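Side-chain atoms are counted along with the backbone in the values below, which use heavy atoms only and exclude waters and symmetry mates. Source: prediction; values computed, not measured.
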Amino acid sequence: MAWTYLIVAGIFEVAWAIGLKYTDGFSRLWPSLGTVAAMAASFWLLALSLASLPIGTAYAVWTGIGAVGTALLGIALFGESADLPRLLCIGLIVGGIVGLKLVSPS
């Protein structure tokens, strides 16, 4: 269950990172409330996963999911660069996440 918590925590991290773009410096109420709620959910689920996963593994996977998801949504939603070197670097992060899952307990 810890890995499920961690993956969902990473998805919420993507949600709050993208949400920040829509808050306009926390000047828009509903996007700001959604962003703060996603932050709280992300941290709570990360904390739950830490009951049985090593902190280094969990934190690396959590931030990796956030980085990859945010980068891909930046490409899809905001027209950010999708050039080959950038996509290869995103792929390296995915490889690291998969590798940590394969060598970690639980």
Side-chain angles (χ1 to χ4, degrees):
M1 197 65 183
W3 280 99
T4 301
Y5 290 145
L6 185 57
I7 291 166
V8 176
I11 293 167
F12 274 110
E13 184 184 5
V14 173
W16 71 256
I18 294 297
L20 284 173
K21 184 81 169 169
Y22 293 102
T23 67
D24 289 332
F26 288 103
S27 64
R28 297 177 61 212
L29 178 63
W30 294 112
S32 297
L33 291 175
T35 298
V36 170
M39 286 176 177
S42 182
F43 284 114
W44 177 66
L45 290 164
L46 174 62
L48 289 178
S49 76
L50 292 175
S52 58
L53 294 175
I55 183 69
T57 298
Y59 185 75
V61 170
W62 179 67
T63 58
I65 292 169
V68 169
T70 302
L72 293 176
L73 283 177
I75 292 167
L77 298 175
F78 307 118
E80 295 177 3
S81 172
D83 61 1
L84 185 59
R86 187 164 194 239
L87 294 176
L88 288 174
C89 290
I90 291 169
L92 289 171
I93 297 169
V94 171
I97 293 168
V98 171
L100 284 170
K101 169 61 174 123
L102 292 174
V103 300
S104 296
S106 301

**Report entry** ILVMFWY network linking I7 to L102, side-chain heavy atoms under 4.5 angstrom
**Finding:** yes
**Report entry** G74 versus I18, closest heavy-atom pair with distance
**Finding:** N-CD1, 4.5 Å
Query raised in the report: Does F12 reach the side chain of L46, with side-chain heavy atoms less than 4.5 Å apart?
Result: no
**Report entry** Common cluster, L88/I90, ILVMFWY with side-chain heavy-atom separation under 4.5 Å
**Finding:** no
Report task. Look at the side-chain heavy atoms of Ile, Leu, Val, Met, Phe, Trp and Tyr, link any pair under 4.5 Å apart, and say whether L92 and I97 land in one connected group. Result -> no
Query raised in the report: Which atoms form the tightest heavy-atom contact between A60 and L100, and what is the distance?
Result: CB-CD1, 3.6 Å
Query raised in the report: With a 4.5 Å limit on heavy-atom distance, are the side chains of V61 and L53 in contact?
Result: no
Report task. Establish whether F26 and W16 are linked, either directly or via other cluster members, by ILVMFWY side-chain heavy-atom contacts under 4.5 Å. Result -> yes
Query - Non-neighbouring partners of Y59 that pass side-chain contact (heavy atoms from CB on, under 4.5 Å), sequence neighbours left out - result: W62, T63
Requested in this report: Write down the atom of A9, the atom of S42, and the distance for their closest heavy-atom approach.
Outcome: O-OG, 2.9 Å
Report summary line: In terms of heavy-atom contacts, L6 and A58 come closest through CD1-O, 3.5 Å
Query - Hphob cluster co-occupancy, F78 + V14, side-chain heavy atoms under 4.5 angstrom - result: yes
**Report entry** Taking every non-hydrogen atom, the tightest pair across I75 and A82
**Finding:** CG2-CB, 3.8 Å
Requested in this report: Verify side chain to side chain contact (heavy atoms under 4.5 Å, CB included) between L20 and M39, making sure each step is shown before the conclusion.
Outcome: CA-CA 10 Å; L20 284 173; M39 286 176 177; 4.1 Å; yes
Query raised in the report: Who pairs with L48 by side-chain contact (heavy atoms from CB on, under 4.5 Å), at least two apart in sequence or on another chain?
Result: Y5, W44, L45
Query raised in the report: In chain order, what residues pass the side-chain contact (heavy atoms from CB on, under 4.5 Å) check against R28, with sequence neighbours excluded?
Result: Y22, D24, P31
Query raised in the report: I65 and I11: which non-hydrogen atoms are nearest, and at how many Å?
Result: CG2-N, 4.0 Å
Query raised in the report: Just by distance, do the side chain of S104 and the backbone of K101 share a donor-acceptor pair under 3.5 Å?
Result: no
